[in-house]
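Structure first, commentary second.
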Number of protein chains: 2
Amino acid sequence: MRLKKAERQQLLKEKIEESPFIKDEELAKLFNVSVQTIRLDRLELAIPELRERIKTVATDKWKEMVKSLPVEEVIGEIIDLELDKRAISILNIQKEHVFSRNKIARGHHLFAQANSLAVAVIDDDLALTKKAEIKFMRQVKLGEQVVAKAKVIDRIEDGTTVIQVDSFVKNEKVFSGMFHMYRSSKTKEKDE
Amino acid sequence: MRLKKAERQQLLKEKIEESPFIKDEELAKLFNVSVQTIRLDRLELAIPELRERIKTVATDKWKEMVKSLPVEEVIGEIIDLELDKRAISILNIQKEHVFSRNKIARGHHLFAQANSLAVAVIDDDLALTKKAEIKFMRQVKLGEQVVAKAKVIDRIEDGTTVIQVDSFVKNEKVFSGMFHMYRSSKTKEKDE
DNA sequence: GGGCTATTAAGACTAGGTCATAAAAGTAAT
DNA sequence: ATTACTTTTATGACCTAGTCTTAATAGCCC
């Protein structure tokens, strides 16, 4: 026997999810049924036709590309900012942030959020990190929301600004860093 | 007059590049010519039809998705690794790594390379960063190649490993960091 | 007007479907 | 086995966004 309807539909769904660029005809061969049966199945499962599936993948990609550059500039979403004083940002830990093995956030993402916040709080065209001392107090897991709080501690005349950033998951401190930032200062230089 | 042929074709090319999900019919309206003219233009410019354009965008995205997860696991390419001793990785600074304003690499990418290397050098299921002291000695610019070298300095009995990572652009040190890594050690604990 | 390019139109065909209708095959219970 | 039902297959008309071929018009320069 070929396969029960329900079984076939389950596999069909998985197959299309896994490789959406497959024609009804190929699916028909795969499950050894007629093309019409595949179409009935898709109808019942509300799976759109090939062209629509391709379009979805493509427009997803397009959305990504359109937003990717501006979003990349700041890691995490800044929800409060008082230039040269303090700033707060939020980062939701998603699957792209964690080790696939154990679902723990990779350190550099917490660092990136904090460092990026330290850059943002400085009211200057050119803000670069010179030095940092950081501590990871506890692991952050998939799904958790990290709130980073930056505070300007000191401004030294050589153009260095010291910023402390503490990150929390629900009032529990998970990360702490002291950032020494360089700024081009009053002289607004051209940067090629 | 409507527009010279050459002019229209130039604009057509740009328009399709900018928003590839546009039909010949819409283009015809846009340039106030017939659909056939648009098709002639596409033929001359060797621009594929809408469906082909969508497919290209979609398969690009697909390739990206297929490779994205495994690649994300290590930042930079590891070219040498002696577990628990030392490791070397290379990261080519591309446009996604730099500030759009001044083409200087964002600090967290250098950190990510170094941290990721520190994780890799530890021969353990679970390696996490506890603490780090880092220095950015000079800016790294778009197009430069960063070579990170990690060296295990010390192993403390509480499960901490101290690793020094120095990163270079052509023998010039651009980054230096001392990483205190936690490892689950002999006891292979369940992590979830 | 001729001669040229550029544009438009018309018709036949394509892939990968949709939608509606109907026939055939398989399965189960009486 | 007959009825009743589900499942599968087939058929044909239609759709979109094109292709490719052939042919008829415009527009312009001299």
Side-chain angles (χ1 to χ4, degrees), chain A residues 1-70, chain B residues 1-70:
Chain A
M1 205 176 55
R2 289 209 295 256
L3 262 181
K4 289 274 158 61
K5 186 181 176 180
E7 217 174 333
R8 166 166 39 80
Q9 292 195 340
Q10 178 56 32
L11 291 173
L12 185 78
K13 207 169 157 182
E14 285 166 20
K15 182 71 193 171
I16 291 179
E17 215 135 304
E18 175 204 318
S19 63
F21 301 10
I22 189 168
K23 292 171 204 163
D24 287 359
E25 214 183 335
E26 298 173 296
L27 289 163
K29 253 173 222 158
L30 197 70
F31 293 107
N32 200 26
V33 293
S34 73
V35 176
Q36 286 77 359
T37 302
I38 296 295
R39 292 188 174 156
L40 259 177
D41 285 349
R42 276 201 300 96
L43 195 74
E44 286 175 24
L45 298 168
I47 296 171
E49 61 166 291
L50 171 62
R51 279 127 156 176
E52 289 309 310
R53 293 191 311 257
I54 292 178
K55 215 178 287 177
T56 306
V57 173
T59 50
D60 279 2
K61 150 106 173 174
W62 207 245
K63 272 186 234 149
E64 229 173 74
M65 283 173 63
V66 168
K67 71 174 188 184
S68 76
L69 271 180
Chain B
M1 205 177 57
R2 291 208 294 255
L3 262 180
K4 291 272 156 64
K5 186 183 177 180
E7 216 175 334
R8 167 165 39 80
Q9 292 195 340
Q10 179 55 32
L11 290 173
L12 185 79
K13 207 169 156 183
E14 286 167 19
K15 181 71 194 173
I16 290 179
E17 214 136 302
E18 174 205 319
S19 62
F21 300 9
I22 190 168
K23 292 171 202 164
D24 286 358
E25 215 183 337
E26 298 173 298
L27 289 164
K29 253 174 221 158
L30 197 70
F31 292 106
N32 199 28
V33 292
S34 74
V35 175
Q36 286 78 356
T37 302
I38 296 295
R39 291 186 176 158
L40 258 178
D41 285 349
R42 276 202 300 98
L43 194 73
E44 286 176 23
L45 298 168
I47 296 170
E49 62 166 292
L50 172 62
R51 279 131 159 169
E52 288 308 313
R53 296 195 304 263
I54 292 179
K55 215 179 285 178
T56 306
V57 174
T59 50
D60 280 4
K61 151 104 174 177
W62 207 244
K63 272 185 236 146
E64 228 173 75
M65 283 174 63
V66 167
K67 72 175 186 183
S68 75
L69 271 180

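Nothing here was measured: the structure is a model prediction, and the numbers come from that model.
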Problem set entry | Interatomic distance, L50(A) CG vs dA15(C) P [rounded to whole Å] | 14 Å
Exercise. Whole Å only: how far is the CG atom of L40(B) from the P atom of dA23(D)?
Worked result: 16 Å
Problem set entry | Separation of atom NZ in K4(A) from atom P in dT6(D), rounded to whole Å | 16 Å
Problem set entry | Q9(B) or E25(A), whichever maps to the more 5' nucleotide of DNA chain C | Q9(B)
Exercise. Do R51(B) side-chain and dT16(D) base share a donor-acceptor contact under 3.5 Å?
Worked result: yes
For this session: Would you indicate what R8(B) reaches in the nucleic acid, counting non-hydrogen atoms under 4.0 angstrom: base, sugar-phosphate, or nothing?
Result: sugar-phosphate
Exercise. Please give, in whole Å, the distance from dT8(C) P to F31(B) CZ?
Worked result: 13 Å
Exercise. Separation of E7(B) atom CD from dA6(C) atom P, in whole Å?
Worked result: 14 Å
Problem set entry | Atom pair CD/OG1 of E52(A) and T59(A) - distance to nearest 0.5 Å | 9.5 Å
Exercise. Are the charged groups of R51(A) and E49(A) less than 4.0 angstrom apart, N to O?
Worked result: yes
Problem set entry | Straight-line distance of K29(A) NZ to D24(A) CG, nearest 0.5 Å | 12.5 Å
Exercise. OP1 or OP2 of dT9(D) less than 4.0 angstrom from a side-chain nitrogen or oxygen of T37(A), does that happen here?
Worked result: yes
Exercise. In terms of side-chain geometry, is the basic nitrogen of K5(A) or E44(A) positioned less than 4.0 Å from the acidic oxygen of its partner?
Worked result: yes
Seminar exercise, completed: Taking dT11(D), dT19(D), dT7(C) as options, the one with an atom nearest any side-chain atom of Q36(A) is dT11(D)
Problem set entry | Distance in angstrom units between F21(A) CZ and dA15(C) C1', rounded | 17 Å
Exercise. With a 4.5 Å heavy-atom cut-off, do I22(B) and R53(B) have their side chains touching?
Worked result: yes
Problem set entry | Sugar-phosphate, base or nothing in reach of R42(A), heavy atoms under 4.0 Å | sugar-phosphate
Exercise. Do any side-chain nitrogens or oxygens of R39(A) fall under 4.0 Å of OP1 or OP2 in dT9(D)?
Worked result: no
For this session: Measure from the side chain of K5(B), starting at C-beta and using heavy atoms only, and say which of dT9(D), dA15(C), dT7(C) lies closest.
Result: dT7(C)
Problem set entry | Spacing of L43(A) atom CG relative to dT21(C) atom C1', expressed in whole Å | 15 Å
Problem set entry | Side chain of K23(A) - closest among dG17(C), dA17(D), dT7(C) | dG17(C)
For this session: Take atom CG of D24(A) and atom C1' of dA15(C), then tell me their distance rounded to the nearest Å.
Result: 12 Å
